[in-house]
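Throughout, a chain's letter reflects where its sequence line sits, starting with A, and its residues are numbered from 1. Every value quoted in this text rests on a predicted model; they were computed, and no experiment measured them.
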Number of protein chains: 2
Amino acid sequence: MSEPTRPARRDSVRNRERLVTAAREVFAEHGIGATLDDIARQAGLGTGTAYRHFPNKHAIAAEVLREATEQIVVDADEALAVDDPWDGLVQFFERTAARQAADRGLYETLTGQGDYDEQARIWPRIVASVTELFNRAQSAGVIREDAAPQDVAAIFAMLGPAFAMSRTIDPDLWRRYLALMLDGLRPADRPPLPVGPPPAEALDAILRSSKG
Amino acid sequence: MSEPTRPARRDSVRNRERLVTAAREVFAEHGIGATLDDIARQAGLGTGTAYRHFPNKHAIAAEVLREATEQIVVDADEALAVDDPWDGLVQFFERTAARQAADRGLYETLTGQGDYDEQARIWPRIVASVTELFNRAQSAGVIREDAAPQDVAAIFAMLGPAFAMSRTIDPDLWRRYLALMLDGLRPADRPPLPVGPPPAEALDAILRSSKG
DNA sequence: GGATTAACGGAGATTTGCTCTCCGGTTATC
DNA sequence: GATAACCGGAGAGCAAATCTCCGTTAATCC
């Protein structure tokens with residue numbers, strides 16, 4: 001186990017890095033449906049090389065997506081550090097949405113398409129922070145009474161089509177529809193929402209179901 | 001061409017009807033990705049039979065989806081017949097959304113997944129009616145000034161994930177999120193939306209892009 | 001009720017697209 | 001310059017869907 005192993009060749013190390021970089025780009029642009037061959041081509045390498053560095057597509061995807069998912073936790077905690085409850089919530093929505101708009105693979109992972117359960121490990125932390133962020137805003141009276149933390153997940157799921165539109169029409173278009181939904185989330189003199197929120201236990205189902 | 005052709009056999013006629021019925025059910029439940037084999041099985045018939053009645057999957061899908069799409073035109077015109085501009089718009093949203101919540105194939109078709117251009121023929125009529133419906137409401141001051149008719153299409157696209165959630169959690173859940181977005185559409189003392197609407201010519205792109 | 005003929009059923013040929021392997025050729029390292 | 005690790009990419013192996021073929025079944029007509 002502790003054999004005096006010769007250091008990796010320099011081209012090997014360099015190629016591994018190229019592959020990870022290429023994977024980031026390819027998953028961001030084409031989603032997790034992208035092929036390892038696509039990644040190899042983007043990296044300027046052969047498929048064989050890709051498979052020597054990673055046992056399969058899942059492995060490289062997991063590596064890239066873990067990085068991206070962990071950023072969401074950071075976003076949530078930074079949002080909690082903002083004093084104004086509304087501003088904090090909005091900041092979380094905008095940063096996290098911006099990441100997903102720029103990274104199709106991240107959206108697909110967060111909405112449970114492709115079973116990369118790196119995300120399952122991180123999930124509870126995101127849920128905890130977002131719930132706190134939401135409850136703080138609702139207690140402060142800047143969110144309508146009949147909204148629930150689960151609605152945050154639903155809003156992200158619904159932003160998916162907006163991200164897709166943004167890709168083909170205007171990179172910032174999703175901001176328009178996020179703003180629209182946030183306006184709907186604020187208190188107003190309107191009838192209550194016609195259906196109760198999904199049960200909190202259904203959080204996973206909320207996201208996972210959005211694939212179809 | 002005008003040969004005295006013998007009338008079709010009764011089982012043949014009956015089977016064709018069974019296939020169309022089965023196709024409606026299967027596309028509604030599984031979307032347009034469903035297989036002709038799936039449809040044949042649902043109809044209790046063999047694949048060969050399905051392919052004798054329809055040259056390919058596209059043909060039977062087109063027939064079923066045309067019916068469903070034409071209903072949207074009816075919805076729009078009925079909504080225009082409602083006196084109150086806001087109520088009319090809401091009625092259109094609710095009826096059309098209800099159809100899509102119950103029919104996954106219809107949502108996919110309207111959002112331009114799968115190239116069933118039966119819909120392309122009907123499209124202009126839907127656009128014309130919905131634009132009128134929208135403008136009427138906006139002129140009446142019941143919709144915020146900075147909204148645009150194109151936003152209707154975007155809202156329908158964004159309901160897609162809500163329909164998916166409804167399928168697995170609560171069949172009426174989409175009504176909650178439609179209500180949320182409609183509340184966001186009403187006039188309120190809020191900053192204007194941060195990004196302009198997509199150009200009217202991009203209407204197709206708005207919907208078609210939502211597939212990914 | 002038997003002959004005729006169209007329709008049925010479903011196994012499987014074909015196509016398509018992705019995953020992953022194999023091995024001759026190349027190159028970093030010593 | 002020798003050696004061992006690495007590279008490239010053709011193609012083998014799968015999986016899933018589309019569509020065909022033809023032996024079997026049954027509706028229709030007399």
Side-chain angles (χ1 to χ4, degrees), chain A residues 3-23 26-27 29-65 104-105 108-109 113-116 211-212, chain B residues 3-23 26-27 29-65 104-105 108-109 113-116 211-212:
Chain A
E3 314 232 332
T5 162
R6 169 190 300 207
R9 266 169 60 164
R10 226 185 301 119
D11 56 345
S12 176
V13 172
R14 188 200 54 197
N15 283 343
R16 189 186 200 282
E17 268 163 26
R18 281 191 184 167
L19 282 166
V20 173
T21 301
V26 170
F27 286 134
E29 182 166 354
H30 300 292
I32 53 188
T35 294
L36 241 200
D37 287 33
D38 294 337
I39 294 171
R41 198 178 322 114
Q42 170 79 10
L45 300 169
T47 22
T49 307
Y51 278 95
R52 197 163 331 91
H53 284 284
F54 299 92
N56 51 46
K57 178 174 129 183
H58 193 280
I60 190 167
E63 172 153 344
V64 165
L65 294 171
R104 198 170 146 187
E108 291 175 356
T109 306
Q113 309 173 45
D115 42 60
Y116 297 101
K211 69 176 149 189
Chain B
E3 316 232 331
T5 162
R6 174 188 296 208
R9 263 168 61 163
R10 227 186 297 120
D11 58 344
S12 175
V13 173
R14 188 200 54 197
N15 283 343
R16 190 184 199 283
E17 268 163 27
R18 281 190 185 168
L19 282 166
V20 173
T21 301
V26 170
F27 286 134
E29 181 166 354
H30 300 292
I32 54 189
T35 294
L36 241 200
D37 288 33
D38 293 337
I39 294 170
R41 197 178 323 113
Q42 170 79 11
L45 300 169
T47 23
T49 305
Y51 277 95
R52 197 163 330 92
H53 285 284
F54 299 93
N56 51 46
K57 178 174 128 181
H58 193 280
I60 191 167
E63 172 154 343
V64 165
L65 294 171
R104 199 171 146 187
E108 291 175 356
T109 306
Q113 309 174 45
D115 42 63
Y116 297 101
K211 69 177 149 191

Could you check how far CG of A/L45 sits from P of C/dT26, rounded to whole Å?
17 Å
Per-nucleotide protein contact string for nucleotides 15-21 of chain C, where B marks a base within reach and S marks sugar-phosphate only (heavy atoms under 4.0 Å, - for neither):
---SBBB
Atom CZ of B/R41 and atom P of D/dA16 are separated, to the nearest Å, by 13 Å
Estimate the overall bend of the helix from C/dG1-D/dC30 to C/dC30-D/dG1 from the end axes over five pairs each, rounded to 10 degrees.
10°
Sequence-aligned protein contact record of nucleotides 22-30 of chain D, with B where the base is within under 4.0 Å of a protein heavy atom and S where only the sugar-phosphate is
-----SS--
Using only atom types and a distance under 3.5 Å, with no angle test, would you say the side chain of B/N56 pairs donor to acceptor with the backbone of B/A59?
yes
Closer than 4.0 Å, any side-chain N/O of A/N15 to the OP1 or OP2 of D/dC7?
yes
Determine, stepwise, if the pair B/D38 / B/F27 fulfils side chain to side chain contact (heavy atoms under 4.5 Å, CB included).
CA-CA 10 Å; B/D38 293 337; B/F27 286 134; over 6 Å; no
Please give me the minimum heavy-atom distance between A/V64 and A/A23, naming the atom from each residue.
CG2-CB, 3.8 Å
side-chain N/O A/H53 vs D/dC7 OP1/OP2, d < 4.0 Å
yes
Is there side-chain contact between B/L36 and B/T47, with at least one heavy-atom pair below 4.5 Å?
no
Using a strict 4.0 Å threshold on nitrogen-to-oxygen distance, state whether A/D11 and A/R14 make a salt bridge.
no
May I ask you to say what A/S12 touches in the nucleic acid, namely base, sugar-phosphate or nothing, with a heavy-atom cut-off under 4.0 Å?
sugar-phosphate
Quick check for you: to the nearest 0.5 Å, what is the distance between A/K57 atom NZ and A/I39 atom CD1?
7.5 Å
Side chain A/E108, main chain A/I32, donor-acceptor under 3.5 Å
yes
Rounded at 0.5 Å granularity, tell me how far CD1 in B/I60 sits from CG in B/L65.
10.0 Å
So, taking the atom named CG in A/N15 and the one named CZ in A/R10, what distance separates them when rounded to the nearest 0.5 Å?
12.5 Å
